[in-house]
Amino acid sequence: MKRGFLTSICLALSVLIAACGSQPDIGKAEGPHPALWEIVNGSGSVEGWMFGTIHALPDGTKWRSPRLAEVIDNADTLVVEVANLEDGAELSRLFGEMAFDQPTGPLENRIDPQFRDEFETLLVKAKVRRNHFDSMESWAAALALSQVAQSNRSQNGADRALLTAFDGREIVELEGARKQLAIFDRLPESEQRDLLNAVLEESKEYGDGRGALAEAWLAGDLDQLTQLTRRGVLADPELEKALLHDRNASWAAQIENLLSAEEKPLIAVGAGHLLGEGGLPALLQERGYTVRRIE
């Protein structure tokens with residue numbers, strides 16, 4: 001099995017939390033830009049900024065606004081989910097180490113019969129044999145198939161661009177690749193299969209020309225983003241808890257510590273983590289900060 005096929009698989013957790021719909025021609029988008037927040041302490045001083053990223057975009061997408069460019073220039077530190085996104089060999093090694101140790105039989109037998117057609121479609125798109133995914137645990141197969149379904153390029157992701165922009169400055173990761181993959185690896189088999197079936201169900205929405213997620217992200221439409229990112233995988237309460245709420249709670253504690261330092265961070269994580277009552281802005285406000293949208 002060619003495990004290099006999964007070089008960018010560590011992005012898949014974030015892709016799943018912010019992935020729905022197909023990809024538009026958005027290279028010439030005008031008007032509002034992705035949402036940006038500033039974090040203010042009790043004395044009214046700006047302690048840092050928060051930006052919701054999208055992890056895969058079409059070629060030529062224009063998404064940096066003048067205000068975001070200003071924040072990038074002023075921030076001392078970049079805070080991301082995973083810092084070594086360019087190290088494909090290491091990401092593949094970690095995936096291979098964790099994804100193949102507890103195989104559970106042919107993948108086709110782990111898929112809900114109603115999604116067999118979607119599975120067949122993705123097999124053709126991936127250009128692999130039917131047994132290609134059989135040796136993977138169910139969570140790993142779900143991530144791999146999510147990557148197959150995704151038409152956008154992770155190389156164009158906002159997180160990668162920000163990592164490049166902060167080259168030479170401090171970069172802090174909230175999770176790291178191993179910890180991120182371990183979230184999946186710890187899921188009970190029943191939840192892993194729910195994840196697998198949800199990925200297959202969502203794959204039907206790719207290729208319909210709507211590009212709902214990318215358009216909502218570019219426009220900074222938080223209501224639409226909330227609607228899009230709370231269906232599919234995150235419509236399952238157990239998966240929502242493991243993939244979103246538990247992680248947000250952990251990150252909020254880490255971010256509070258970072259905000260106490262002199263350096264001002266730009267916190268750039270998947271846009272789905274910044275939405276609603278359980279989002280990071282709301283959790284930081286509970287900790288005494290004022291988090292206000294500035295774009």
Side-chain angles (χ1 to χ4, degrees), residues 7-15 17-18 27 33-41 45-95 152-181 217-218 220 247 250-274 280-281 284 289 291-295:
T7 295
S8 61
I9 202 68
C10 286
L11 282 173
L13 177 56
S14 302
V15 170
I17 290 179
H33 292 275
L36 178 68
W37 290 261
E38 64 180 9
I39 305 166
V40 179
N41 65 21
S45 300
V46 175
E47 295 283 2
W49 300 269
M50 192 172 294
F51 179 66
T53 63
I54 192 167
H55 301 276
L57 287 165
D59 292 338
T61 303
K62 309 298 183 184
W63 54 268
R64 295 199 207 191
S65 67
R67 190 64 182 273
L68 177 59
E70 179 183 336
V71 167
I72 292 172
D73 288 341
N74 292 333
D76 302 301
T77 304
L78 177 66
V79 181
V80 293
E81 299 173 38
V82 178
N84 64 332
L85 295 180
E86 297 299 329
D87 192 349
E90 174 62 11
L91 298 182
S92 291
R93 186 193 68 77
L94 283 172
F95 183 84
N152 281 341
R153 290 165 55 85
S154 60
Q155 292 88 339
N156 298 333
D159 41 9
R160 286 179 183 260
L162 290 172
L163 287 167
T164 299
F166 275 78
D167 186 33
R169 283 179 279 178
E170 183 181 17
I171 296 174
V172 176
E173 60 180 13
L174 293 169
E175 218 161 46
R178 180 178 291 278
K179 186 174 181 180
Q180 191 170 98
L181 289 176
W217 179 78
L218 278 173
R247 298 169 73 211
S250 172
W251 293 358
Q254 295 179 64
I255 290 169
E256 183 177 30
N257 177 258
L258 290 168
L259 293 173
S260 68
E262 183 177 351
E263 295 79 13
K264 289 182 170 61
L266 169 59
I267 297 136
V269 297
H273 291 282
L274 306 183
L280 288 174
L284 289 178
Y289 293 94
V291 184
R292 57 196 182 204
R293 184 173 174 182
I294 57 175
E295 186 159 69

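With contacts defined as side-chain heavy-atom distances shorter than 4.5 Å, the pair Ile72/Arg169 qualifies. Using a 4.5 Å cut-off on side-chain heavy atoms (C-beta onward), Thr164 and Phe166 make no contact. When side chains are defined from C-beta on, Val172 does not count as touching Leu78, because their heavy atoms never get closer than 4.5 Å. Residues Leu163 and Leu85 form a side-chain contact, since some pair of their non-hydrogen atoms from C-beta on lies under 4.5 Å apart. Taking 4.5 Å as the limit, every side-chain heavy atom of His33 sits out of range of all side-chain heavy atoms of Leu68. Residues Ile255 and Leu280 meet the side-chain proximity criterion, which asks for heavy atoms closer than 4.5 Å. Inter-residue side-chain proximity for Leu258 and Val79 is flagged as met; some heavy-atom pair is nearer than 4.5 Å. Looking at heavy atoms from C-beta onward, Ile39 lies out of side-chain contact with Trp49 at the 4.5 angstrom threshold.
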#### Entry: Step-by-step side-chain contact (heavy atoms from CB on, under 4.5 Å) determination, Val40 to Tyr289
CA-CA 6 Å; Val40 179; Tyr289 293 94; over 6 Å; no

(request) Would you please test Leu36 and Arg67 for side-chain contact (heavy atoms from CB on, under 4.5 Å) and show each step? (result) CA-CA 9 Å; Leu36 178 68; Arg67 190 64 182 273; 4.1 Å; yes

Margin query: Set out, in order, the CA-CA distance, both residues' side-chain angles and the distance that settles side-chain contact (heavy atoms from CB on, under 4.5 Å) for Lys264 and Ser45, then state yes or no.
Written below: CA-CA 11 Å; Lys264 289 182 170 61; Ser45 300; over 6 Å; no

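Side-chain N or O atoms of Ser260 include one that pairs as donor or acceptor with a backbone N or O of Asn257 at under 3.5 Å. At distances below 3.5 Å, at least one donor-acceptor pair connects side-chain atoms of Glu173 with backbone N or O atoms of Ala83. Using modelled atom types, no side-chain atom of Thr77 and backbone atom of Ile171 make a donor-acceptor pair closer than 3.5 Å. Under a 3.5 Å cut-off, the side chain of Glu170 and the backbone N or O of Asp76 do not form any donor-acceptor pair. Under the 3.5 Å distance criterion, the side-chain polar atoms of Gln254 are matched with a main-chain donor or acceptor of Leu174.
Below 30°, between 30° and 60°, or above 60°: for Trp63 and Trp217 the angle between ring planes is between 30° and 60°, a tilted geometry.
Residues Val82 and Gln180 come closest through the heavy atom pair CG2-NE2, 3.5 Å. Between Pro265 and Ala75, the shortest heavy-atom contact is C-CB, 4.4 Å.
Contacts of Glu256 classified as side chain to side chain donor-acceptor pair (under 3.5 Å), with partners at least two apart in sequence or in another chain: Arg287. Under the side chain to side chain donor-acceptor pair (under 3.5 Å) criterion, Arg292 pairs with Glu38, not counting sequence neighbours.
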